[in-house]
Amino acid sequence: QVQLVESGGGLVQAGGSLRLSCAASGRTFSSSTMGWFRQAPGKERDFVAAINWTGGSTIYADSVKGRFTISRDNAENTVDLQMNSLKPEDSAVYYCAASHNIAQVMAVLKLSGVNYWGKGTLVTVSS
């Protein structure tokens, strides 16, 4: 059993930055993948980024490559998403996710590859 809690969301102007954090409690997947998804109003929940918990391998959605960076701290059981050069289209509820799959597989499977979800944190980027 794993519980995921996101934090760091808020309101930011276009071009600004935010850093989201996800804290895992209970049983953790020290050899599994952590990731981020997002869901904007009226849209489906989309894959954003994933990182293998132990290997450090990362993968990003094309829409965020070069702007977002996913990182981890296994000692603290946290995974962060540094979001730079934010655009209004980045506005969404961001969800932390944990998967039994490696990062590359998580990106392919998308929602079906997620075993645990956080409740989400709202990011609003104003123009």
Side-chain angles (χ1 to χ4, degrees):
Q1 196 76 35
V2 174
Q3 294 180 346
L4 306 174
V5 180
E6 304 94 336
S7 63
L11 175 64
V12 65
Q13 292 185 336
S17 299
L18 283 175
R19 188 176 184 89
L20 306 183
S21 182
C22 173
S25 61
R27 181 184 175 185
T28 61
F29 298 121
S30 60
S31 298
S32 297
T33 293
M34 302 294 293
W36 291 92
F37 289 72
R38 66 186 183 185
Q39 187 168 22
K43 300 185 67 177
E44 297 180 347
R45 190 173 299 186
D46 295 325
F47 171 79
V48 176
I51 182 170
N52 286 340
W53 196 246
T54 57
S57 177
T58 61
I59 188 168
Y60 298 90
D62 289 341
S63 59
V64 305
K65 286 181 179 178
R67 299 189 298 119
F68 291 11
T69 302
I70 187 170
S71 61
R72 68 187 181 192
D73 186 337
N74 287 349
E76 299 292 334
N77 290 325
T78 58
V79 59
D80 291 354
L81 185 69
Q82 178 65 46
M83 305 184 295
N84 298 325
S85 302
L86 283 163
K87 307 173 182 178
E89 63 197 73
D90 295 318
S91 296
V93 176
Y94 283 71
Y95 297 90
C96 182
S99 174
H100 297 305
N101 302 298
I102 63 174
Q104 291 80 2
V105 174
M106 186 185 198
V108 172
L109 294 178
K110 300 176 183 178
L111 270 62
S112 63
V114 174
N115 298 103
Y116 301 95
W117 291 101
K119 296 297 183 182
T121 185
L122 178 63
V123 172
T124 302
V125 183
S126 62
S127 60

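Any value given below was found using the heavy atoms of this structure, including those in side chains, with hydrogens, waters and symmetry copies removed. The first residue in the sequence is number 1, and the count goes up from there.
- Formation of a donor-acceptor pair under 3.5 Å by the Gln104 side chain with backbone atoms of Val108 is not found in this model.
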Pair Ser21-Glu76, side chain to side chain contact (heavy atoms under 4.5 Å, CB included): steps then yes or no
CA-CA 11 Å; Ser21 182; Glu76 299 292 334; over 6 Å; no

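- Leu20 and Met83 make their closest contact through CG-CE, 3.7 Å (heavy atoms, listed as atom of the first residue, atom of the second, distance).
- Residues Phe68 and Val125 fall within the same hydrophobic cluster, defined by Ile, Leu, Val, Met, Phe, Trp and Tyr side chains chained together at heavy-atom separations under 4.5 Å.
- Side-chain atoms of Glu6 come within 3.5 Å of backbone N or O of Lys119 as a donor-acceptor pair.
- The backbone N or O of Leu11 lies less than 3.5 Å from no partner atom in the side chain of Thr124, so there is not a single donor-acceptor pair.
- Between Ala24 and Val2, the shortest heavy-atom distance links the atoms CB-CG1, 4.5 Å.
- For Leu81 against Trp36, the heavy-atom pair with the smallest separation is CB-NE1, 3.5 Å.
- Among all heavy-atom pairs drawn from Asp80 and Cys22, the shortest one is OD1-N, 4.2 Å.
- Nearest approach of Val114 to Met106, heavy atoms of both residues: CG2-CE, 3.9 Å.
- The CD1 atom of Ile51 sits 12.0 Å away from the CD1 atom of Ile59 when rounded to the nearest 0.5 Å.
- Interatomic distance, OG of Ser112 versus NZ of Lys110, reported as 9.5 Å (0.5 Å rounding).
- Between the Tyr60 side chain and the Ile70 main chain, a donor and an acceptor come within less than 3.5 Å of each other.
- Within the 4.5 Å cutoff, side-chain heavy atoms of Thr78 are placed close to those of Asp73.
- Salt bridge absent: Lys87 and Asp90 never bring a charged side-chain N and a carboxylate O closer than 4.0 Å.
- Side-chain atoms of Thr121 do not come within 3.5 Å of backbone N or O of Tyr94 as any donor-acceptor pair.
- Of all heavy-atom pairs spanning Ser85 and Ser17, the tightest one is N-OG, 4.3 Å.
- Separating the CD atom in Gln3 from the CG atom in Asn77 is a distance of 12.5 Å, to the nearest 0.5 Å.
- Residue Leu109 is found in a hydrophobic cluster whose other members, listed by chain and number, are Ile102, Val105; membership requires side-chain heavy atoms under 4.5 Å apart, directly or through intermediates.
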Quick one, Ser25 with Val5, criterion side chain to side chain contact (heavy atoms under 4.5 Å, CB included). Give me CA distance, side-chain angles, the key distance, then yes/no. CA-CA 8 Å; Ser25 61; Val5 180; 5.6 Å; no

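- Note that CD of Gln13 is 11.5 Å distant from CG of Leu86, once rounded to the nearest 0.5 Å.
- If you take CG on Asn84 and CZ on Arg19, they are separated by 9.5 Å, rounding to the nearest 0.5 Å.
- Residues Ser71 and Gln82 bring no donor and acceptor atom of their side chains to less than 3.5 Å of each other.
- In this view, Phe37 and Phe47, Trp117 satisfy the ring pair (Phe, Tyr, Trp, His ring centres under 6.0 Å) rule, not counting sequence neighbours.
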